[in-house]
2 protein chains.
Amino acid sequence: MKKLTPQQTKVLNCIRDSINKTGFPPTRAEICSELGFSSPNSAETHLRALEKKKYIEIRAGSSRGINILENSQSLRQNENKVPVIGLVAAGSPTLASENIERKLTIDQGMFKKNVDYFLKVKGMSMLDAGILEDDLIAVHKTDKVKNGDLAVMRVNDEVTLKYFYKKNNLLELRPANNDFKSIFVDLEKDDVVLEGLGIGLIRKN
Amino acid sequence: MKKLTPQQTKVLNCIRDSINKTGFPPTRAEICSELGFSSPNSAETHLRALEKKKYIEIRAGSSRGINILENSQSLRQNENKVPVIGLVAAGSPTLASENIERKLTIDQGMFKKNVDYFLKVKGMSMLDAGILEDDLIAVHKTDKVKNGDLAVMRVNDEVTLKYFYKKNNLLELRPANNDFKSIFVDLEKDDVVLEGLGIGLIRKN
DNA sequence: TAATATACTGTATAAATATATAGTATATTG
DNA sequence: CAATATACTATATATTTATACAGTATATTA
């Protein structure tokens with residue numbers, strides 16, 4: 001399965017959204033108005049790219065003739081049991097079974113990226129970002145992070161959720177609450193690992 | 001739910017078959033060739049009958065603009081597909097199709113109670129409760145509410161999310177943001193309906 | 001018994017739609 | 001460094017498609 005570009009992913013999601021909302025796939029024009037293109041050919045070429053990469057089928061001559069190919073991989077990913085991580089014991093990998101509180105069944109199409117686990121929030125350091133204690137942060141494992149991202153970091157064997165800001169060799173892990181102070185990490189000295197990015201949140205009242 | 005005639009059932013199954021096989025609904029002409037009709041109007045009138053009996057929706061002017069309404073009797077396991085409500089048009093029921101932005105597949109065991117729909121949050125009036133704009137509030141339809149509950153109320157045909165406080169005939173709808181003021185409702189004068197309770201939240205970053 | 005619903009054929013057409021062609025520009029790859 | 005992929009705008013058009021209109025016939029309902 002070839003990887004999609006960000007724009008191609010947008011188009012594929014646009015098709016999914018249309019089917020979910022209306023019951024049928026979009027026209028080229030509808031894709032354009034949804035994504036802000038001004039030429040039908042923009043949609044057309046993206047569709048042909050998705051077809052080439054086997055994400056969709058296009059039936060020639062048919063209006064809305066788009067079929068999303070749900071192959072075995074995506075079907076298996078579609079409904080998924082995702083672990084909920086409570087407190088992480090020192091020295092153990094985040095996803096070690098002793099850290100798994102329980103599992104949540106979710107549709108992997110719910111968030112923009114794949115959810116690898118949910119992290120249960122401790123404390124109120126991210127209050128101003130609308131993140132409260134016991135909220136579940138949907139975490140996508142990745143090593144790609146940019147400044148301002150909501151990051152799950154492991155600093156000296158402790159897992160923390162903060163905003164990520166890097167400048168040269170100095171890493172700032174910034175909270176979203178005036179009562180808390182940033183954690184500064186010297187990337188040359190300290191032991192720090194990016195666990196993943198916070199791509200969503202689930203709260204149970 | 002009105003009963004279908006044998007021919008109408010055939011047409012509905014023909015639509016289902018098309019969606020299952022191709023991924024999109026059929027055209028009038030395709031229904032005709034599938035069922036042996038020789039006039040597109042045969043399909044058209046059957047579709048209008050199905051629409052009238054609320055088995056399908058037809059979007060005017062759209063090719064293949066047929067949407068099968070999966071209700072209680074549905075064959076599929078759509079009980080997991082929960083509608084997402086964006087802006088609610090004045091005068092329309094909250095769950096009217098024009099208000100449904102799309103649908104989310106969730107496990108109904110995710111929250112403590114059954115989720116009837118998700119309400120997309122407008123504005124920042126619940127900021128201090130960790131509820132931000134565009135968050136999806138999981139709403140459980142009920143008429144049981146107590147003071148302090150997070151309630152989805154309809155006041156004078158406008159839907160709002162606030163904390164519920166009632167004292168005699170005076171209802172206070174309290175925001176969670178100092179920049180906003182409570183809405184006070186005289187239960188004898190004003191038109192107010194409890195739509196449901198906020199039992200959870202989903203956020204996509 | 002008249003009105004309405006069902007179940008079709010047949011024809012016509014405005015509008016919706018897919019799709020080709022002609023460009024421009026940038027990024028990535030062999 | 002040339003070839004290819006990506007990401008668009010802009011215009012044109014043949015085909016697809018929804019939908020209206022004109023009929024015929026039978027069954028069901030008020």
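Convention: sequence-line order gives letters A, B, ...; per-chain numbering from 1. Below, each value reflects all heavy atoms present in this structure, side chains not excepted, and no hydrogens, waters or symmetry copies. Small disclaimer: the values here were computed from a predicted structure and weren't measured.
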Presence of donor-acceptor pair under 3.5 Å, side chain of A:S39 and base of D:dA10: yes

Salt-bridge present (A:K122, A:E158; N to O < 4.0 Å): no

Sugar-phosphate only, base, or nothing, as touched by A:A60 at under 4.0 Å among non-hydrogen atoms: sugar-phosphate

Sugar-phosphate only, base, or nothing, as touched by B:K10 at under 4.0 Å among non-hydrogen atoms: nothing

Test salt bridge (Lys or Arg N to Asp or Glu O under 4.0 Å) applied to A:E30 and B:R59, step by step: CA-CA 14 Å; A:E30 283 164 4; B:R59 194 168 80 178; 2.8 Å; yes

First of B:G61 and A:R48 reached from the 5' end of DNA chain C, by closest nucleotide: B:G61

Nearest-angstrom distance from the residue atom NZ of A:K3 to P of C:dT29: 13 Å

Separation of D:dA18 P from B:R28 CZ (nearest whole Å): 5 Å

5′-ward residue of the pair A:Q7/A:K52 relative to DNA chain D: A:K52

N or O in side chain of A:H46 less than 4.0 angstrom from D:dA7 OP1/OP2: yes

Between P of D:dA7 and CD1 of A:I31, the distance in whole Å: 14 Å

Rounded interatomic separation in angstrom, taking CD from B:E44 and C1' from D:dT16: 15 Å

Between D:dA18 (C1') and B:E57 (CD): distance, integer Å: 17 Å

Nucleotide D:dT17, atom C1' - distance to CD of A:E30 in whole Å: 14 Å

Atom pair distance, as rounded to whole Å: CD in B:Q8 and P in C:dC8: 10 Å

Sugar-phosphate only, base, or nothing, as touched by A:S42 at under 4.0 Å among non-hydrogen atoms: base

A:N41 or B:R59, whichever maps to the more 5' nucleotide of DNA chain D: A:N41

Rounded distance (Å) that lies between atom C1' of C:dT4 and atom NZ of B:K53: 13 Å

For B:S38, all residues meeting side-chain hydrogen bond (donor to acceptor under 3.5 Å, both in side chains), sequence neighbours excluded: none

Over 12 non-hydrogen atoms of neighbours within 6.0 angstrom of CD in B:E34: no

